[in-house]
Amino acid sequence: MSLLKLDNVTKTFGGLTAVDEVSCEVPQGSIFGLIGPNGAGKTTVFNLITGNYTPDRGRILFNGQDITGKITHKIVELGIARTFQTIRLFQNMSVLENVLAGCHCRMSAGPVSAMLRLPGARREERRTLGKALAELRFTGLENEAENLAKNLSYGNQRLLEIARALATDPSLIILDEPAGGMNEQETAALVELIFQVQKRGATVLLIEHDMSLVMKACQYLVVLEYGKKIAEGTPDEVKQNPQVIEAYLGSDEDDF
């Protein structure tokens, strides 16, 4: 069963077609990779899914619902969360506060209830705090809760973005180059974390340039070049596709 479906999605910027009639289906519960060389349109696809951009043509369906052109916070509420290629944290807030910000979309107490500290609001605060702390434990950041986000190592800032995204209770989490800037040990831990996210029941959609990570983690891949889909299939199928080798790796198959 497909959780996410792109149907002939196209996006142009002036005279440049960044995404050109791309169609694909992301199976529910899968770890799905979107790969391609720089400028292939991968992040533009992510921005179309999450409402940062609106397609010029085509449709985007999530859980059978047309989300084409919906505003970003509504898409989050439907169950799609993301991280960013360039880290976007509240740098001067604590690690815990960053994750609590992710919990906000699932809170229902109104401002009057919160100001008056009514019992329902207090119960919700306790649940939210517990949720945020649970996500920090899940990502291995529980000992950093009171630290400022800006004081974390680069790899831990990446993990904090994932913790904040998970705090929204997504059924689809979109990771934009999560291994960027990580060392080999951190990358290996990230692969295990992605598997654990899948075991929780979430679907993972991944952009990543680290091909060893992609080959280890992903069950299915779509390859873009100049905004067009040039291949799709299992990692082994994509690995042997001559067009992919030429476009993405310049003919060095050993990079897989």
Side-chain angles (χ1 to χ4, degrees), residues 26 29-35 42-43 46-47 49-50 52 72 75-76 79-107 127-219:
V26 178
S30 66
I31 301 173
F32 189 102
L34 184 64
I35 66 172
K42 305 182 298 296
T43 295
F46 275 17
N47 285 330
I49 295 168
T50 56
N52 298 92
T72 301
I75 289 174
V76 173
I80 299 177
R82 71 171 293 179
T83 66
F84 295 87
Q85 183 177 352
T86 303
I87 291 173
R88 299 185 188 180
L89 294 171
F90 301 110
Q91 294 286 348
N92 291 312
M93 291 169 58
S94 74
V95 168
L96 178 59
E97 287 168 336
N98 269 271
V99 181
L100 286 169
C103 297
H104 184 264
C105 70
R106 302 298 174 207
M107 297 179 71
R127 285 196 302 269
T128 301
L129 179 60
K131 169 70 173 172
L133 291 171
E135 299 302 355
L136 290 179
R137 285 193 297 272
F138 182 78
T139 52
L141 296 175
E142 64 270 29
N143 292 330
E144 303 284 358
E146 300 306 319
N147 203 355
L148 293 181
K150 67 182 180 182
N151 293 334
L152 293 181
S153 68
Y154 192 83
N156 279 347
Q157 288 191 38
R158 290 279 185 193
L159 293 177
L160 178 54
E161 273 211 316
I162 294 173
R164 185 176 61 185
L166 290 171
T168 70
D169 280 335
S171 48
L172 173 66
I173 182 166
I174 299 178
L175 305 178
D176 194 346
E177 296 194 33
M182 287 187 171
N183 61 36
E184 187 175 339
Q185 183 177 0
E186 289 171 331
T187 300
L190 174 65
V191 172
E192 182 57 33
L193 178 62
I194 290 171
F195 287 141
Q196 292 303 316
V197 170
Q198 182 190 34
K199 286 179 181 178
R200 283 172 46 152
T203 302
V204 180
L205 178 55
L206 175 71
I207 289 176
E208 185 50 65
H209 279 111
D210 185 331
M211 290 306 298
S212 64
L213 186 156
V214 168
M215 299 301 287
K216 289 174 185 174
C218 294
Q219 296 145 353

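Computed from a prediction, not measured in an experiment: that's the story for all the values here.
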Subject >> From OG1 (T83) to CG (L160), nearest 0.5 Å >> reply: 11.5 Å
**OP:** Applying side chain to side chain contact (heavy atoms under 4.5 Å, CB included), run through V197 and L175 and close with a yes or a no.
**Re:** CA-CA 12 Å; V197 170; L175 305 178; over 6 Å; no
Subject >> Contact summary for K150 and N92, nearest pair of heavy atoms >> reply: NZ-OD1, 2.9 Å
**OP:** Give a yes or no answer on whether the side chain of E135 reaches the backbone of A132 with a donor-acceptor pair at less than 3.5 Å.
**Re:** no
Original post:
With a 4.5 Å limit on heavy-atom distance, are the side chains of N52 and R82 in contact?
Top reply: yes
Subject >> CZ on R200 to CG on L166, rounded to 0.5 Å >> reply: 4.5 Å
**OP:** Specify the closest pair of heavy atoms between G181 and Y154, including all atoms of both residues, with the distance to one decimal.
**Re:** CA-CE2, 3.7 Å
**OP:** Looking only at non-hydrogen atoms, find the nearest pair between Q157 and Q91 and report the distance.
**Re:** OE1-NE2, 3.3 Å
**OP:** Starting at CG of L152, measure out to CD of E144 and round the result to the nearest 0.5 Å.
**Re:** 5.0 Å
Original post:
For V99 and A167, which heavy atoms make the closest approach, and how far apart are they?
Top reply: O-CB, 3.6 Å
Original post:
In a check of side-chain contact (heavy atoms from CB on, under 4.5 Å) between I31 and each of V204, T203, L205, which one passes?
Top reply: V204
Subject >> Side-chain (R164) to main-chain (A101) donor-acceptor, under 3.5 angstrom >> reply: no
Original post:
Can you tell me if Q196 and E192 form a side-chain donor-acceptor pair at under 3.5 Å?
Top reply: yes
Subject >> Distance-minimising heavy-atom pair for D210 and E208 >> reply: N-OE2, 3.1 Å
Original post:
What is the distance from atom CG of N147 to atom CG of N98, rounded to the nearest 0.5 Å?
Top reply: 11.0 Å
Original post:
CD/E177 to CD1/I87 distance, rounded to the nearest 0.5 angstrom?
Top reply: 11.5 Å
**OP:** Using a cut-off of 6.0 Å, state whether more than 12 heavy atoms not belonging to K216 lie near its atom NZ.
**Re:** no
Original post:
Would you say L190 and I162 make side-chain contact, with heavy atoms under 4.5 Å?
Top reply: yes
Subject >> Separation of F138 CZ from L193 CG (nearest 0.5 Å) >> reply: 5.5 Å
Original post:
Under 4.5 Å between any side-chain heavy atoms of M211 and I35, yes or no?
Top reply: yes
**OP:** Evaluate the side-chain proximity of K42 to H209: yes if any heavy-atom separation is below 4.5 Å, no if none is.
**Re:** yes
Original post:
Can you tell if the side chain of L129 reaches within under 4.5 Å of the side chain of L96, non-hydrogen atoms only?
Top reply: yes
Original post:
How far apart are the closest heavy atoms of F46 and L34, and which atoms are they?
Top reply: CE1-CD2, 4.0 Å
Original post:
Is a side-chain N or O of Q198 found less than 3.5 angstrom from the main chain of G29, in a donor-acceptor match?
Top reply: yes
**OP:** State, yes or no, whether a side-chain contact exists between Q85 and I207 at a heavy-atom distance under 4.5 Å.
**Re:** no
